[in-house]
Engineer: 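Quick one: the structure is below, and I'll ask about it shortly.
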Amino acid sequence: MTSSPLLSSIDRRVPMIAPPCSLVIFGITGDLARKKLVSAVYDLAHRGLLHPSFSLVGFARRDWSIEEFQDFVRDAIEGHARTGFNERSWETLKQGLRFVGGTFDDAQAYQRLTDTLAELDETRGTAGNHNFYLSVPPSFFPVVCQNLADSGLSNSEQSKGYRRVIIEKPFGHDLDSARDLAGVLASAFEEKDIFRIDHYLGKETVQNIMALRFANTMFEPLWNANFVDHVQITMAEDIGIGTRAGYYDGIGAARDVIQNHLLQLLALTAMEEPVTFAPDAVVAEKEKVLSALRLPADLATGTARGQYTKGWQGGELIRGYLEEDNIPADSTTESFAALTLYVDSRRWAKVPFYLRTGKRLGKRVTEIAVVFKKAAHTPFDNSSTQELGNNALVIRVQPDEGITIRFGSKVPGTGMQVRDVTMDFGYGHAFTEDSAEAYERLILDAMIGDAPLFPRQKEVELSWKILDPVLDFWAKNGTPEPYRPGLWGPEGAHLMLQRDGRMWRIP
Ligand code: BG6
């Protein structure tokens, strides 16, 4: 069976190829574009997933010749492409490279862009289909959208093809600003043409949550409050904020990661089975979860936040958050955040979902651990099961992608000692193909117009509704607790679980 556009990207079997189109990247000289987007485009081209007419247009404040732009793209590919540099793929991609220099508010630059896209339609057959990727700070979204609208570039109806905009988080910094941003986007594009990237949804292991839950018999019967004690969702990084002070300070861990990546992981873990994998059906289920989320009554004990201090990590003396370049010495931005949440539904009644994320933690790891209740009764005496913990299913999102199941097993010998063991599925062992980078998948889906992996405005707003009270509470109450680099966050995060009689996993 061949794939059909009626199947969404989640359940299509054969990879679809992008239609004739261009991708215009605003802010192409920025870090994200250089390290992730350009190489993702190349990887797609190299895998044969782009149409021969495909053209990549860079838009940035540089006075570059086309040769200089080609050199920039080639360097980005050589430095970052997953599939390795191949001269033939590069030569093909190179034919479709164009560069438009100008500031984001320069009407003449948009005129040059209009001419460039017309030229591409004419000479390369991009068929009027143009994707605008705003890889720029959100403060530039209004001016870019305004200019795209004024120059007629955003208008799908006037053009013979489609016009889409792809944007990156942050989608506002609270509910009100998220709504303002939606207004800005809506002034130029229809909702169906707006693709919001949450790159976690492009990860193979994240999409596999749906396969695990809905393609198998074994797990779903246990996936509820009768059997699940609690769920822990961790996104830990061992790096600090690096050179990103300008973006990170004032934003912090909760807005940077919980509002988007972790709440999306929670939604996929907790949602009901969608009727189909069509975008509307998947989104409807995620929205139900996000609308059913509830914060604990006491935010002082049900949340935690921290800031890394100076200290040793991996044999290196690390600067504290407040000593990082361009961070004000009195910054109260959190580099670690943890939250307790409940999903008020019959399936999840009273089951806590513990979320945590932070920089400068023990190691880079993202995982979802579904921790089961202890057996109601075991016919062993207590000393036999002293070393037996709760059964758990751990989805290892990254690195070392896979799934671990932890359960008790008899220790070989004449006595009856039961101890935790694990059963493991690793992508590296089970599959020969490498997983594509999240951006490859998402850029391709945006070009195809396939939207189940892109959060909608309603999801964005529901996520802010959950986070806003926590951020308000933190703003009014104290400052982040210090934590040493290389450990697993501040004392408050450990107490948050200890009070409930539980412990964080050390991944
Ligand atoms: C981004 C955050 O969304 O995700 C960064 O803004 C973080 O702060 C990054 O470092 C981590 O992404 P990944 O895919 O490496 O887990």
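Just so you know, ligand 1 is whichever comes first in the structure, and atom 1 is the first atom listed for that ligand.
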Engineer: Please determine whether a side-chain nitrogen of the Lys or Arg among Glu440 and Arg82 lies less than 4.0 Å from a carboxylate oxygen of the Asp or Glu.
Structural biologist: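 Yes, Glu440 and Arg82 are salt-bridged.
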Engineer: Check ligand 1 against Asp256 and write out every atom of the ligand that is under 4.0 Å from a heavy-atom position of the residue.
Structural biologist: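 Those qualifying, in numeric order: 2 (C), 5 (C), 6 (O), 8 (O).
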Engineer: Would you mind listing which atoms of ligand 1 come within a distance below 4.0 Å of any non-hydrogen atom of His261?
Structural biologist: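 Answer, ordered by atom number: 1 (C), 3 (O), 4 (O).
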Engineer: Look at the aromatic rings of Phe69 and Trp64 and report parallel, tilted or perpendicular, splitting at 30° and 60°.
Structural biologist: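 Rings of Phe69 and Trp64: tilted, 30 to 60°.
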Engineer: Look at Arg502 together with Asp229 and state whether they make a salt bridge at an N to O cut-off of under 4.0 Å.
Structural biologist: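 Here Arg502 pairs with Asp229 in a salt bridge, since their nearest N and O are under 4.0 Å apart.
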Engineer: Kindly confirm or rule out an N or O of Tyr248 lying under 3.5 angstrom from an N or O of ligand 1.
Structural biologist: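 No.
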Engineer: Please report which non-hydrogen protein atom sits nearest to atom 5 (C) of ligand 1, along with the residue it belongs to and the distance in Å to one decimal place.
Structural biologist: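 Of the protein heavy atoms, Arg244 NH1, 3.3 Å lies nearest.
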Engineer: Which one holds for Tyr200 and ligand 1: side chain close, backbone close, both close, or neither close, with close meaning a heavy atom under 4.0 Å?
Structural biologist: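 For Tyr200, the contact with ligand 1 is made by the side chain alone.
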Engineer: If you take the nearest heavy atom of each of Lys169, Arg364, Glu237, which one is closest to atom 11 (C) of ligand 1?
Structural biologist: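 Answer by nearest heavy atom: Glu237.
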Engineer: Using a strict 4.0 Å cut-off to heavy atoms of Lys359, name the atoms of ligand 1 that fall inside it.
Structural biologist: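 Near Lys359, meaning under 4.0 Å from one of its heavy atoms, ligand 1 has 5 (C), 7 (C), 8 (O), 10 (O).
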Engineer: Look at the rings of Phe132 and Phe26 and say which category their plane angle falls in: under 30° parallel, 30 to 60° tilted, over 60° perpendicular.
Structural biologist: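 If you compare the ring of Phe132 with that of Phe26, the planes turn out tilted.
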Engineer: Against the six-membered ring of Tyr162, is Arg164 placed for a cation-pi contact (under 6.0 Å from the centre, within 45° of the normal)?
Structural biologist: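 Here Arg164 passes the 6.0 Å and 45° test against Tyr162.
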Engineer: Ion pair present between Asp325 and Arg319, side-chain N to carboxylate O less than 4.0 angstrom?
Structural biologist: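 Between Arg319 and Asp325 there is a salt bridge, with a charged N closer than 4.0 Å to a carboxylate O.
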Engineer: Any idea which protein heavy atom is nearest atom 12 (O) of ligand 1, and the distance to it?
Structural biologist: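 Protein heavy atom with the smallest distance to atom 12 (O) of ligand 1: His199 NE2, 3.2 Å.
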